[in-house]
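Remarks on the structure that follows.
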Number of protein chains: 2
Amino acid sequence: MAITVNQIAEICKVSRTTVLRALNDSGSVGKETKERILSVAKEYNYRPNLLARSLNHGRTMSLGVVTINIENMYFVQSLNIINKEADKRGYFTNIVVCDESLDWERKLIQGLADRQMEGILISPINKGKEFEDFLLSLNIPVVCIGNQVSDSITTVQVNEMAAAMESVDLIVSKGYERIIFICPPLAVKEKENIYVHEQRLLGFQASAAKYPGLIQEVIGKTDYLPDVEEMLARKDQGKTAFLCSGDSYALNVMRWGQQNGMSIPDDFGLMGFDDINILEFITPKLTTVSTNLEGVAATAVSELLTQIDSEDYVPKAIYLNYKILDRETL
Amino acid sequence: MAITVNQIAEICKVSRTTVLRALNDSGSVGKETKERILSVAKEYNYRPNLLARSLNHGRTMSLGVVTINIENMYFVQSLNIINKEADKRGYFTNIVVCDESLDWERKLIQGLADRQMEGILISPINKGKEFEDFLLSLNIPVVCIGNQVSDSITTVQVNEMAAAMESVDLIVSKGYERIIFICPPLAVKEKENIYVHEQRLLGFQASAAKYPGLIQEVIGKTDYLPDVEEMLARKDQGKTAFLCSGDSYALNVMRWGQQNGMSIPDDFGLMGFDDINILEFITPKLTTVSTNLEGVAATAVSELLTQIDSEDYVPKAIYLNYKILDRETL
DNA sequence: TTGTAGGCGTTATCAT
DNA sequence: ATGATAACGCCTACAA
C-alpha cells in the first residue's frame, strides 16, 4: 500500500542507501539523482514507517497514558497538558481509557508496554504488591498520578491529607458543629486503589479530632443520598456541613438538596474536592479544593521523561501545592 | 532490556524456531524442551515485541482516534464506546487530543498514520479540498464523526438539519414569537470545519421561514452574551427563546440569566444541542437534542472496521436518529 | 558518489 | 522434533 524505501530504490534504479541519503539529507548524493529520488518520493507520497524505524533504533518516542472512565471527569482535564508537555520534548502521546475495570487497566498497560511505549502515566485503580510487581516487571518507566502504588514507583500528587485537614479547619471556622465526610465505599480499598480518598479521610479524622465539641461522621457507600437525608433529619445535631471527597459527590448532594427545597448554605454547608471544570456552570458556586491537576500533570510528564533519560533513577514522592477555594456553599 | 526470542533460544541452546513453537503452541516440540523454554520465558518475563510482529505481518490491530479539546466535552462521551467496540473486534485504540488547533490535528493524524494505525476516527476541525486530499493520501481508512469533509470519506452523523427544524417547531408550538439562534462565529467556516453548526443553522432558517409572524435572529460570535442581553432588552418583540447550537452555549446563557435575576422559562426559553452528560447536574433541566453520541460512536467504529476489511469499500453518509428531549427550559 | 551487508524482533516456509 | 533462511522497512557501518 504505502511505498517503501526499497520500492523507491527500485524505481530510481539506485540502492536503498542512496535513497535514504537523499531522503534524510545525510551523506552525499548526486544532485541529479537526489532530485529524481525526491520527486518519486513525493509523487508516491512516501512516509517512513515508524514501526520499522522504532524497531531499528529501539526508541518509539511515545508515551502511554491510561485514564479511568472519562465520564468521571477526574484526570480528564490533565490530558491536554500531558499531551502538550510531551510534544514539547518530542514525544507522541497515546491515550487509552479503561472504564473502571481492574482487569482492563492491566490489560491496557500491558498493551502499551507491548507496543514499546517508552514510559507510562497512570492514575491507577489497581493496587497492592502484585500490581506493583506487575508494573516493575514491565521494565518501563512509570509515573503515578494521585494514587500511590508503592515507594518504588514515582507518584506525583497533592498533599491530600493536609488539604482535608485545612478544609475541616475552614468549615469549623464558619461555625459548623457537625461535619459529614462522604467518600467511596471503604470496603473496596482491599482491592481497589482509592489512596487519594483514604488520605483525605485520614486528614478529616485527624483534624476533626482537634475540635472537642465537633460531631463527625463518615458516609462511605455508593448509595449515599439516603444516609444524607437521614442524617439531615436529625435536627438536634447542630449546623451541618458535608465534606465530599470528590466534586461529583458534592454535586449530587447539591442536586438532592435543591430538589428537596433546601438552600445551600442556609440549610447545610457543602464542600468538594478537585475543582472539576464543570463547576463553572453550577450555582451556587461550590467551595472546593483545587488539586492542581494541571501542575500535577505537567510535573508527571517531566518526571517521566527524566526517568526515561536516566540510567539510575531514584523513585520519588512529589507533592505539589493544593489550594482551598472558599466560594459560596459554606 | 526486555528479553527476545533470540535470547531465549541462546539460553536454551535451541533455535528461534523451536522457541517460537513452544511459545505459540504451534508445530511440535519435545516435551522436555518445551518446558525448559517456557520456564525461561516466564523467568525473564518474555513478551513479544508488537512492533516487530506488526512489521512482519503488516497489521497493527490498532485504531487511532483524534479528539478535539477534551474540556469541550463534545465527543468525549464517545471515547469509552469507541474503545469497547474496538476491543470487541480485537483492536487496540489509541487516542490523541488536538486541542482545537488545525495544525495539530493534521500533525496528529499524520503521526497516527506513520505509526501504521489501520484506521482513523475523527471529528475533524479541518475542512476543504486540501484536507480531503491529505486524508486520502494517507491510504488509510478514515471515518468522520459529525463533521463531514467530503463525499469520498464516510461520515457518521445525525440529521442535524432535521433536528434543528423540529426544534423550531417545538419552540413555536410552545407559543414563542421570537427565536434567537446562537452558534460559533460563522466567519471561521472558511477555514474551520463547523459543518454540524452550519447544518443546524440551515435547519433553523428553513423551519423558521415556515412561520410568518415569527421573528428570527442569529448570533454567531464568540462573545455572544452582550448580544443576548441587548436582544432581551427589546421587550416589544414578544416571547423569546434561544436555540443554541451546543449545550455549553445554552449553559452560559442560563448562568447569565440566573446571575441577572431572570428565571427560565418564565423570562425566556432556552434549548440546546447534544445532551452533554453534565446536564444532569444542572437546574432547571435543559431542553435539548440528543445527538446520540453513543450510537454514532459505535456505528463509526463498526463502519471503520468494515472499511478495513473490505477490498472495494464505498464511502457513505450514515445518519442515525436524534431525539428531542423536551425538558424544563421551554 | 554509490553500493553491500547486517541487524532490529517476529513470523512463515521449507528443509532435515 | 528441530533448524536454516528469508522477509517486513528502516538504518548504519563499512567498503568500493
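Proteins get letters first, then strands, A, B, ... in listed order; numbering begins at 1 in each. All heavy atoms count here, side chains included; hydrogens, waters and symmetry mates do not. Since the model is a prediction, treat every value here as computed from it, not as a measurement.
- Every salt bridge (charged side-chain N to carboxylate O under 4.0 Å, His left out) that A:Lys316 has, sequence neighbours left out, goes to A:Glu303.
- The salt bridge (charged side-chain N to carboxylate O under 4.0 Å, His left out) check on B:Lys107 picks up A:Asp87, with sequence neighbours excluded.
- Remark: A:Gln157 engages no residue in a side chain to side chain donor-acceptor pair (under 3.5 Å) (not counting sequence neighbours).
- For the salt bridge (Lys or Arg N to Asp or Glu O under 4.0 Å) condition, no pair includes a residue of residues 135-154 of chain B, sequence neighbours left out.
- Residues from residues 106-115 of chain B with heavy atoms under 4.0 angstrom of DNA chain C: there are none.
- At its two ends the helix from C:dT1-D:dA16 to C:dT16-D:dA1 runs along axes set 50° apart, each axis drawn from five pairs and the angle rounded to 10°.
- With sequence neighbours excluded, the residues forming a side chain to side chain contact (heavy atoms under 4.5 Å, CB included) with A:Ser152 are A:Glu132, A:Leu136, A:Ser150, listed by chain and number.
- Among pairs with a residue in residues 11-27 of chain B, those fulfilling side chain to side chain donor-acceptor pair (under 3.5 Å) read B:Ser15-B:Thr18, B:Asp25-B:Lys34, at least two apart in sequence or across chains.
- Taking B:Gln116 as the reference, nothing meets the side chain to side chain donor-acceptor pair (under 3.5 Å) condition, with sequence neighbours excluded.
- Applying the side chain to side chain donor-acceptor pair (under 3.5 Å) test to A:Lys189 and every residue at least two apart in sequence or in another chain returns nothing.
- Applying the side chain to side chain donor-acceptor pair (under 3.5 Å) test to pairs two or more places apart or on separate chains, those with a residue in residues 39-56 of chain B are A:Asp114-B:Arg47.
- Applying the 3.5 Å distance criterion, the base of C:dT4 shares a donor-acceptor pair with the side chain of A:Thr17.
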Got a list of protein N/O to nucleotides 6-10 of chain C N/O distances below 3.5 Å?
residue	atom	partner	partner atom	Å
C:dG7	N2	A:Asn56	ND2	2.4
C:dG9	N2	B:Ala52	O	3.4
C:dT10	OP1	B:Tyr46	OH	2.8
C:dT10	OP1	B:Asn49	N	3.0
C:dT10	OP2	B:Val5	N	2.8
C:dT10	O2	B:Asn56	ND2	2.7
C:dT10	O4	B:Arg16	NH1	3.3

